[in-house]
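This report refers to the structure that appears directly beneath it.
In this text, all values refer to a predicted model and were calculated from it rather than measured experimentally. A note on names: the letters A, B, ... follow the listed sequences, proteins ahead of strands, and every chain is numbered from 1.
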There are 2 protein chains.
Amino acid sequence: MIDLFITYLRNNASLTDGEIDRVVSLSTPRSLRRNELLLQEGQICRQKGFILKGLLYTAGSAAGEDGEHILQFSAEQNWILDAESYDQQIPSRFNIAAVEKTELLVWGRNDFEGLREEIPGLTKFAQQLISRNIYSSRQRILAALSGTPEEKYTSFVRNNPGLLQRLPLRMIASYLGISLKTLTRIRHAQIQR
Amino acid sequence: MIDLFITYLRNNASLTDGEIDRVVSLSTPRSLRRNELLLQEGQICRQKGFILKGLLYTAGSAAGEDGEHILQFSAEQNWILDAESYDQQIPSRFNIAAVEKTELLVWGRNDFEGLREEIPGLTKFAQQLISRNIYSSRQRILAALSGTPEEKYTSFVRNNPGLLQRLPLRMIASYLGISLKTLTRIRHAQIQR
DNA sequence: GGGAAAGTTGGTCATTTGACCATATTTTCC
DNA sequence: GGAAAATATGGTCAAATGACCAACTTTCCC
């Protein structure tokens, strides 16, 4: 299973095999059951994770709001953490939990930051990830602002192939910012065609 | 005017006066007229800016959409750039333009990256800014997903005191993802009370 | 100063959305 | 296996929203 991570690093980062070994050597496997929390609102994020298999979601609520919305889904071959809480070691405002049984590698913050000092290529790689992260956040904002619920849904399905089957519809509705009822209606209408 | 920047650095970054001088020495003043573009979609972002006075907005359109939406407003005492385009030197997907007459300091990318290598405290400071940026993006996503148009508007006014007077309503509507008509209605209803 | 453009408000109407409630179906877990 | 919970669909209705069009006001710029 850990090979998935090694392959990922080989393909995406510019690290030597020795450096990769070093990164792997400080990781700890962890597994989450369905609905199990990786990080709870109010806790401080003390570790960085990489998803080997499975699916997580990050959820939070707007200031003064009651309901939670899903901000992000993170599937295998992705890193997972609350950047704000991790970087500044302040309580997180978000929950991160497993949609389905999930296998992770995790690194304690000290270990990982040590690795970054030790391996410049890792810092550079992390930088790229942040840049992509910022970009996808912006796309997400645009998607939330633009279009009808139906357009949002079809665009979600198009951009996240395979995810539809793994998610309860209520989570998709939450992610899109529409009611479950509306989502049902949309799907019903699309089947007709 | 440049003192605004020096004061800002003194209060927010951990730099010596000498380092601050160094940063200032590589900056160039620039001024934008109302509606003038700082960065156009398709161009590569080659500089980093700091707003001394004025107000800018960043706008873009979702993939395959026709209309533009405003992603962000940036007022004085803030940095401005398209991080994705700047970091990777790829064409920007966004427009950045002035809402009103704006005074900036700008740094060419090479100059600024040179400063970052020269001054570790600057890199650390930049890192903090990114972390905050990620956080505010998430807040923005939540705000876009949660609540009625009226809640979005009142929360916008609350969180951005003073901005209301400086922005055309159609920009606020675009930022909130609602129609201008709806925004007018909300305002009308609130005056009644 | 004055003409043109930009910005704002208003009216009407068809459509969509969400709220609430009930019911059917699937999944979970003991 | 079977009860209980979670998930999905359906019906109805009132309310909110956006589209379209027109009028009015303010601002800009020559």
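Here CG of D82(A) is found 6.0 Å from CG of L39(A). Values are rounded to the nearest 0.5 Å. Atom CD1 of I6(A) is separated from atom CG of L105(A) by 9.0 Å, given to the nearest 0.5 angstrom.
In this structure, a donor-acceptor pair under 3.5 Å is absent between the side chains of Y8(B) and E76(B). There is no side-chain donor-acceptor pair under 3.5 Å between D87(A) and Q127(B). Side-chain polar atoms of Q128(B) and Q88(A) form no donor-acceptor pair below 3.5 angstrom. A donor and an acceptor atom, one from each side chain of R187(A) and Y153(A), are located under 3.5 Å apart.
In this structure, M171(A) places its CE atom 9 Å from P of dA8(D), rounding to the nearest Å. Whole-Å rounding puts the L167(A) CG to dT7(D) P distance at 12 Å.
For the pair D17(B) and R10(B), the salt-bridge criterion is met [side-chain N within less than 4.0 Å of a carboxylate O]. Taking the charged nitrogens against the carboxylate oxygens, R138(A) and E84(B) have no contact shorter than 4.0 Å, which rules out a salt bridge.
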Is there any protein nitrogen or oxygen under 3.5 Å from a nitrogen or oxygen in nucleotides 22-28 of chain D, and what are the pairs?
none

Nucleotides 9-20 of chain C: protein proximity per nucleotide (B base, S sugar-phosphate only, - neither; heavy atom, under 4.0 Å): BBBB----BBB-
